[in-house]
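One structure is given below, encoded as structure tokens.
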Amino acid sequence: MKIALIGSGGREHAIYWKLKQSPYAQVHVFPGNAGIPADDRRKDVFSGSDFDSLKSYLESNKYDLLVVGPEQPLVDGIADALESVIPVFGPSKAAARIEGSKKWAKDFMEKYGIPTARSFSCSNVEEAYEALEQMPSPYVVKADGLAAGKGVTVTENIKEARHAVQDCLERKIFGDSGASLVIEQFLKGREASVFALCDGKRAIPFQPARDHKRAQDQDQGPNTGGMGAVTPVEYIDAKLLNKIQTEVLDRAMQGFADEGCPYKGLLYAGLMIDGDQINVVEFNCRFGDPETQALLPMLDEDLPELMMQCARGDLQPDFLRFRELASIIVVIAAEGYPGSYEKGIDMNPLLAARPESPDTLLFHAGTEMEGETIRSTGGRIAGVVASGSSIEDARKQAYSYLNDRKIERTFFRTDIGSLK
Ligand code: AMP
Ligand code: GLY
């Protein structure tokens with residue numbers, strides 16, 4: 001099976017790695033990063049918006065399946081543009097609105113009875129201030145559209161909340177993505193990410209993962225794309241998972257079908273768990289980063305076949321099998337991330353050699369080769385993934401690998417896998 005995979009992050013390196021576990025899969029990444037062997041990279045074919053040239057390339061080079069990593073091309077309609085020539089793992093433009101517009105997602109959840117926080121959608125400052133008055137602190141202000149993980153402010157300070165409203169609606173720091181916003185009730189609890197493979201009719205979940213989005217230890221500092229993740233999640237048992245299936249995934253699949261946009265690909269439910277209460281914080285239309293890097297090494301299934309089944313609308317299994325191990329990823333980022341940061345850091349001391357233990361994996365994120373040197377190109381540079389018989393075991397391995405190979409001007413959180 002000849003597979004084209006779109007993307008360049010840690011998530012795509014992990015998807016590439018897992019797809020390549022199948023002896024019959026040939027995988028090319030458009031454009032990929034320095035973790036992908038040069039022969040399997042296609043750097044100059046797809047610029048991010050030119051679907052026509054990608055379409056003719058995939059058609060003339062006889063690819064069998066297109067897998068889309070990031071959300072932007074999905075929200076822009078890549079699946080609709082290419083599905084006439086190739087099966088696509090990823091939702092249509094209409095279904096991708098679940099991530100592309102917070103307002104659309106909130107209306108959808110309300111319509112189909114999916115548990116979520118109460119909210120108001122606002123397109124002018126007065127409306128937003130009024131909505132803030134009606135919510136107790138802490139305040140949650142969200143730009144409506146895609147904002148690379150930076151569009152959400154959670155604060156106990158009303159002045160800061162108002163400032164976030166002005167940033168979005170007046171100063172337009174998110175451009176068109178912030179033309180309107182959502183003010184949402186604060187949800188307390190612990191977060192979990194549940195991914196599901198979807199074929200338009202059914203959603204079959206992965207085991208849950210826990211993502212740590214804040215930049216610093218003890219979940220302090222600004223929100224990032226994600227600084228680490230663990231799986232499984234000890235506060236989600238079989239009963240809760242069943243509730244997530246029936247009240248979140250099944251209702252969403254029915255909703256997409258009723259809206260005329262059946263969902264194919266990966267549906268990501270970002271959840272807040274408080275005892276046996278579940279609420280959806282957000283849906284995403286793609287695999288999460290970095291949860292994917294921790295989850296895929298645990299998946300005891302043939303991923304190319306499952307993705308093809310999703311794309312063709314005919315998912316076969318009733319559940320997914322996972323190895324009975326714990327897995328953790330710790331992300332290494334450039335100092336300053338998620339604010340401004342330096343690029344071009346020499347990452348060879350961490351990334352040049354392969355780990356000797358089969359239980360430790362390195363996934364690149366923002367990296368590029370310069371001669372023989374692996375240099376950083378992004379804020380999140382790479383991740384160390386370790387598995388073990390317990391989270392503690394996996395955690396020890398990941399940190400001992402990282403602590404032996406520290407690199408100046410980079411940082412990582414030291415508490416992934418140890419928070420309750
Ligand atoms: P989102 O992009 O909607 O997932 O929001 C990013 C992060 O902000 C989430 O992962 C949560 O950590 C936090 N967050 C978003 N909405 C809420 C909420 N209603 N209550 C508490 N925390 C939230
Ligand atoms: N880890 C959060 C995300 O992928 O959106």
Side-chain angles (χ1 to χ4, degrees), residues 7 9-12 14-15 69-72 74-75 98-106 109 115-121 131-132 135-156 161 164 168 174 177-178 181-195 206 208-215 219-231 233 266-274 277-296 329-331 333 338 363 365 379-380 383 413 416 419:
R11 163 183 56 209
E12 286 77 21
I15 295 172
E71 61 276 16
Q72 190 72 55
L74 291 164
V75 170
I98 198 72
E99 179 166 3
S101 166
K102 300 242 187 238
K103 173 171 166 30
W104 193 87
K106 294 301 286 191
M109 287 188 253
T116 189
R118 196 163 63 93
S119 70
F120 298 97
S121 171
L132 284 173
M135 290 287 182
S137 163
Y139 307 98
V140 181
V141 180
K142 300 184 172 187
D144 181 65
L146 295 182
K150 294 178 185 150
V152 177
T153 302
V154 180
T155 175
E156 290 178 12
C168 195
F174 305 115
S177 287
L181 52 73
V182 167
I183 305 275
E184 195 172 275
Q185 183 191 2
F186 178 80
L187 295 166
K188 69 179 173 60
R190 293 182 286 191
E191 287 185 69
S193 309
V194 173
F195 300 170
F206 280 64
R210 182 182 188 184
D211 178 25
H212 291 282
K213 290 198 176 71
R214 300 297 192 102
D219 288 335
Q220 300 295 307
N223 262 326
T224 70
M227 292 301 294
V230 295
T231 185
V233 178
L266 195 286
L267 182 64
Y268 168 139
L271 305 168
M272 193 67 86
I273 314 281
D274 187 17
Q277 299 281 318
I278 48 171
N279 275 291
V280 176
V281 176
E282 63 169 347
F283 280 113
N284 293 321
C285 64
R286 37 84 193 167
F287 280 97
D289 189 331
E291 300 97 307
T292 299
Q293 294 90 307
L295 274 166
L296 287 183
I329 172 162
V330 182
V331 170
F363 290 124
R380 289 192 294 175
R413 278 183 56 164
I416 306 299
L419 292 182

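Whatever order the structure lists them in is the order used to number ligands and atoms, beginning at 1.
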Requested in this report: Flag Asp211 as yes when one of its N or O atoms lies below 3.5 Å from any N or O atom of ligand 2, and as no otherwise.
Outcome: yes
Query raised in the report: Can a non-hydrogen atom of Lys188 be found less than 4.0 Å from any atom of ligand 1?
Result: no
Query raised in the report: Can you find a non-hydrogen atom of Tyr268 under 4.0 Å from ligand 2?
Result: yes
Query - Option set Asp211, Asn279, Val281, Asn223, criterion heavy-atom distance to atom 14 (N) of ligand 1, minimum - result: Val281
Requested in this report: Check each atom of ligand 2 against the heavy atoms of Asn284 and keep those under 4.0 Å away; list them by number with element.
Outcome: 5 (O)
Report task. Kindly determine whether Glu291 and Ser193 satisfy side-chain hydrogen bond (donor to acceptor under 3.5 Å, both in side chains), including the steps that lead there. Result -> CA-CA 8 Å; Glu291 300 97 307; Ser193 309; 2.6 Å; yes
Report task. Report the distance from atom CD1 of Ile329 to atom CE of Met227, rounding to the nearest 0.5 Å. Result -> 10.0 Å
Requested in this report: Would you mind listing which atoms of ligand 2 come within a distance below 4.0 Å of any non-hydrogen atom of Gly225?
Outcome: 1 (N), 2 (C)
Query raised in the report: Taking heavy atoms and a distance under 4.0 Å, where does Leu187 meet ligand 1: side chain, backbone, both or neither?
Result: both
Report task. Could you list the atoms of ligand 1 found under 4.0 angstrom from a heavy atom of Lys213? Result -> 10 (O)
Requested in this report: Please name the pair of heavy atoms, one in Cys168 and one in Phe174, separated by the smallest distance, quoted to 0.1 Å.
Outcome: SG-CD1, 4.1 Å
Report task. Determine, for Asp144 against Lys106, whether the closest basic-nitrogen to carboxylate-oxygen distance falls under 4.0 angstrom. Result -> no
Query raised in the report: In the protein, which heavy atom is nearest to atom 13 (C) of ligand 1, and how far is it?
Result: Val154 CG2, 4.0 Å
Report summary line: Output for pair (Ser121 OG, Lys102 NZ), nearest 0.5 Å, gives 12.5 Å
Query raised in the report: Between Arg380 and Asp289, is a salt bridge (charged side-chain N to carboxylate O under 4.0 Å, His left out) present by the stated rule, with each step listed?
Result: CA-CA 10 Å; Arg380 289 192 294 175; Asp289 189 331; 3.6 Å; yes
Query raised in the report: When only distance counts, is Glu282 in polar contact with ligand 2, meaning an N/O pair under 3.5 Å?
Result: no
Report task. Starting from atom 12 (O) of ligand 1, find the nearest protein heavy-atom neighbour and note its residue, name and distance. Result -> Glu191 OE2, 2.5 Å
Report task. List every atom of ligand 1 that sits less than 4.0 Å from any heavy atom of Phe186, numbering the atoms from 1 in the order shown and giving each element. Result -> 20 (N), 21 (C)
Requested in this report: Examine the proximity of ligand 1 to Lys142 and report which part, side chain or backbone, both or neither, has a heavy atom under 4.0 Å away.
Outcome: side chain
**Report entry** Heavy-atom gap Arg214 to ligand 1 smaller than 4.0 Å
**Finding:** no
Requested in this report: Check salt bridge (charged side-chain N to carboxylate O under 4.0 Å, His left out) between Arg210 and all other residues, then give those that pass, not counting sequence neighbours.
Outcome: none
**Report entry** Close-contact set for ligand 1 against Met272 heavy atoms, below 4.0 Å
**Finding:** 21 (C), 22 (N)
Query raised in the report: Quick one: nearest non-hydrogen protein atom to atom 5 (O) of ligand 1, plus distance?
Result: Val152 CG2, 3.4 Å
Query raised in the report: What protein heavy atom sits nearest atom 4 (O) of ligand 1, and how far away is it?
Result: Glu282 CD, 2.6 Å
Query raised in the report: Thinking salt bridges, do Arg214 and Asp219 make one under a 4.0 Å N-O criterion?
Result: no
Query - Steps toward side-chain contact (heavy atoms from CB on, under 4.5 Å) verdict (Phe195, Phe287) - result: CA-CA 7 Å; Phe195 300 170; Phe287 280 97; 3.9 Å; yes
Requested in this report: Using non-hydrogen atoms of the residue, decide whether Gly288 is closer than 4.0 angstrom to ligand 2.
Outcome: yes
Query raised in the report: Quick one: do Arg286 and Glu99 make a salt bridge, cutoff under 4.0 Å?
Result: yes
Requested in this report: Any atoms of ligand 1 less than 4.0 Å from a non-hydrogen atom of Glu184? List them with their elements.
Outcome: 16 (N), 17 (C), 18 (C), 19 (N)
Requested in this report: Could you tell me which non-hydrogen atom of Thr231 sits nearest to which non-hydrogen atom of Pro208, and how far apart they are?
Outcome: OG1-O, 2.7 Å
**Report entry** Over 12 foreign heavy atoms within 6.0 Å of NZ, Lys213
**Finding:** yes
**Report entry** Heavy-atom proximity to atom 4 (O) of ligand 2, best of Arg286, Met227, Glu291, Arg11
**Finding:** Arg286
